[in-house]
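Being a predicted model, the structure only gives us computed values, none of them experimental. Throughout, a chain's letter reflects where its sequence line sits, starting with A, and its residues are numbered from 1.
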Protein chains: 2
Amino acid sequence: MDKSDTKQRLLDVAEKLFASNGYHCTSLRKVTAKAGVNLAAVSYHFGSKEALVEAIFERRLRPLNEERMGRLETVRAAAGAAGRKPTAEEALRAFIEPTLRFRDSAPGARYFLHLIGRALTEPDDAVRSIFFRMIGPVFALMFEVLCEARPNLSRNQVFWRLNFAIGAISRCTFLPEKLPVVPAGIEIELSADRQIDMLVDFLVAGMEAP
Amino acid sequence: MDKSDTKQRLLDVAEKLFASNGYHCTSLRKVTAKAGVNLAAVSYHFGSKEALVEAIFERRLRPLNEERMGRLETVRAAAGAAGRKPTAEEALRAFIEPTLRFRDSAPGARYFLHLIGRALTEPDDAVRSIFFRMIGPVFALMFEVLCEARPNLSRNQVFWRLNFAIGAISRCTFLPEKLPVVPAGIEIELSADRQIDMLVDFLVAGMEAP
DNA sequence: CCATAAGTCAAACGTTTGTTTTAATCGCAC
DNA sequence: GTGCGATTAAAACAAACGTTTGACTTATGG
């Protein structure tokens, strides 16, 4: 028997469609049609459309967040053991590298990244609160580590610079076709490592500005 | 006679609701009810919901874009007249200052800024294409000026750094209550000038990174 | 082989959506 | 005042939405 192959297919297809077309613009009928399952399967397996998108976030964001938290803790511990402050680059890499490497880690991961890039500005309160609840602890730890890395900055300044960095990072998680018109001769598709380098160069300089 | 007071009220109310709750989550019934006008007035005055949001963009974004274009041209001309390259700071300020000062320039401007902060990631193809069509020339000119300011960088690098900057700027155009959970003691509400300074410090450093 | 539970299916539910229709109302030149 | 175009009002439209229902099929343990 299937052992709920249906459930997996729903997660995969919904992730893709929610990412490409948005949560509200994607009806359950489109999702179930593309997945080749019955409309009622969403209610049966998840309970509601909102529970479906929550399951999508849960499946991908939980392990990703655990890795980011672990790396941030490691940065803090290593600096503490060496009797120094963590650096802004260490903190940024602890957040950015898992995020962009994750992009190529699974077939649908790219779509999921697009989804969280959009979740930051998601109009729907339910979806946004799901995301904020899951990202909250990572954001808070990141903030603290950055405050340690830049003790001369006010917490206000660190907070805003972190927000700027989040905004910059979110521009890397988009599907290429959703970007604004690009000038001729520009590479939209970058390897994760090149993208990471570009981001880190830019953000470390921004963080270390006086 | 009203001389289309209805039309203005629709623009104002729709701008606010689209910004706060998103384009798709805001029905014309909510808009017309809050504006105290009849539902059919949208069809009569604008033709459709999409034409309404386009009128909203047109009203605010056209003068804002003209100012940004003008300032970018000025930066370029001043540098040319002095026989030097424009600086990254000049280019960034030409874009950022009109944007954030605009926030306090009119009662509903703050809502509109929230709307364009969201338009970058808007799921709806129609809305996103309206926005991209209007912002395209500004983006292109900004890109060229930045290429002149950083001639040692590849166009690829400049393009991505400009994207990062756009992402960072968009984090400043949000309504406070839509931000992720903020640590205690953080000022969410900044004056336009303070916000500009923070942004420019951060982004100039990022742009000038090697 | 049967009983039970899990899973699937087509159909329908009640809302809400953007838009259209038809009639009534208003302001103003003539 | 009369007539006319511009505007508003109330009602209805078909389509799409998320969800629920109840019958049907399938797999599994005893």
Colleague: Closest to the B:Leu39 side chain: D:dA9, C:dT19, D:dT20?
Modeller: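 Closest of the options to the side chain of B:Leu39: C:dT19.
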Colleague: By nearest atom, which of the nucleotides D:dT19, C:dT8, D:dT7 is closest to the B:Tyr44 side chain?
Modeller: D:dT7
Colleague: Please give, in whole Å, the distance from D:dA27 P to A:Asp5 CG?
Modeller: 14 Å
Colleague: Throw together a table of side-chain donor-acceptor distances under 3.5 angstrom for residues 70-78 of chain B, partners on residues two or more places apart or in other chains.
Modeller:
{"unit_1": "B:Arg71", "atom_1": "NH1", "unit_2": "B:Glu97", "atom_2": "OE1", "d": "3.0"}
{"unit_1": "B:Arg71", "atom_1": "NH2", "unit_2": "B:Glu97", "atom_2": "OE1", "d": "3.1"}
{"unit_1": "B:Thr74", "atom_1": "OG1", "unit_2": "B:Gly70", "atom_2": "O", "d": "2.8"}
{"unit_1": "B:Arg76", "atom_1": "NE", "unit_2": "B:Glu148", "atom_2": "OE2", "d": "3.0"}
{"unit_1": "B:Arg76", "atom_1": "NH2", "unit_2": "B:Glu148", "atom_2": "OE2", "d": "2.7"}

Colleague: Under 4.0 Å between a side-chain N or O of B:His45 and OP1 or OP2 of D:dT8?
Modeller: yes
Colleague: Give, ordered by number, those residues of residues 12-32 of chain B having at least one heavy-atom distance below 4.0 Å to an atom of DNA chain C; if nothing qualifies, reply none.
Modeller: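 Under 4.0 Å from DNA chain C: B:Thr26, B:Ser27, B:Leu28, B:Arg29.
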Colleague: Quick one: do B:Arg161 and B:Glu208 make a salt bridge, cutoff under 4.0 Å?
Modeller: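 A salt bridge is absent here (no side-chain N lies under 4.0 Å from a carboxylate O).
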Colleague: I'd like to know if A:Arg133 pairs up with A:Glu54 as an ion pair, taking the criterion as any Lys NZ or Arg NE/NH1/NH2 lying under 4.0 Å from an Asp or Glu carboxylate oxygen.
Modeller: yes
Colleague: For A:Ala41 and for B:Val42, locate the closest nucleotide of DNA chain C by heavy-atom distance; then report the residue assigned to the nucleotide nearer the 5' terminus.
Modeller: A:Ala41
Colleague: Measuring from the side chain of A:Lys49 (C-beta onward, heavy atoms only), which nucleotide among D:dT19, C:dT21, C:dT19 has the closest atom?
Modeller: D:dT19
Colleague: Tell me whether B:Arg128 is salt-bridged to B:Asp125, with the criterion being a basic N under 4.0 Å from an acidic carboxylate O.
Modeller: yes
Colleague: Is the shortest side-chain N to carboxylate O distance from B:Asp124 to B:Arg118 below 4.0 Å?
Modeller: no
Colleague: Measuring centre to centre across the rings, with the benzene-like ring taken for any Trp, is A:Phe139 within less than 6.0 Å of A:Phe132?
Modeller: no
Colleague: Do any side-chain nitrogens or oxygens of A:Thr6 fall under 4.0 Å of OP1 or OP2 in C:dT8?
Modeller: yes
Colleague: Using atom CG of A:Asn38 as one end and atom P of D:dT25 as the other, report the distance to the nearest whole Å.
Modeller: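 That distance rounds to 15 Å.
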Colleague: What is the separation between atom CZ on A:Phe46 and atom P on D:dG18, rounded to the nearest whole Å?
Modeller: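 Answer to the nearest Å: 15 Å.
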Colleague: Give a yes/no on whether any side-chain N or O of B:Ser43 is located under 4.0 angstrom from OP1 or OP2 of C:dG18.
Modeller: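 Looking at the OP1 and OP2 atoms of C:dG18, neither is under 4.0 Å from any side-chain N or O of B:Ser43.
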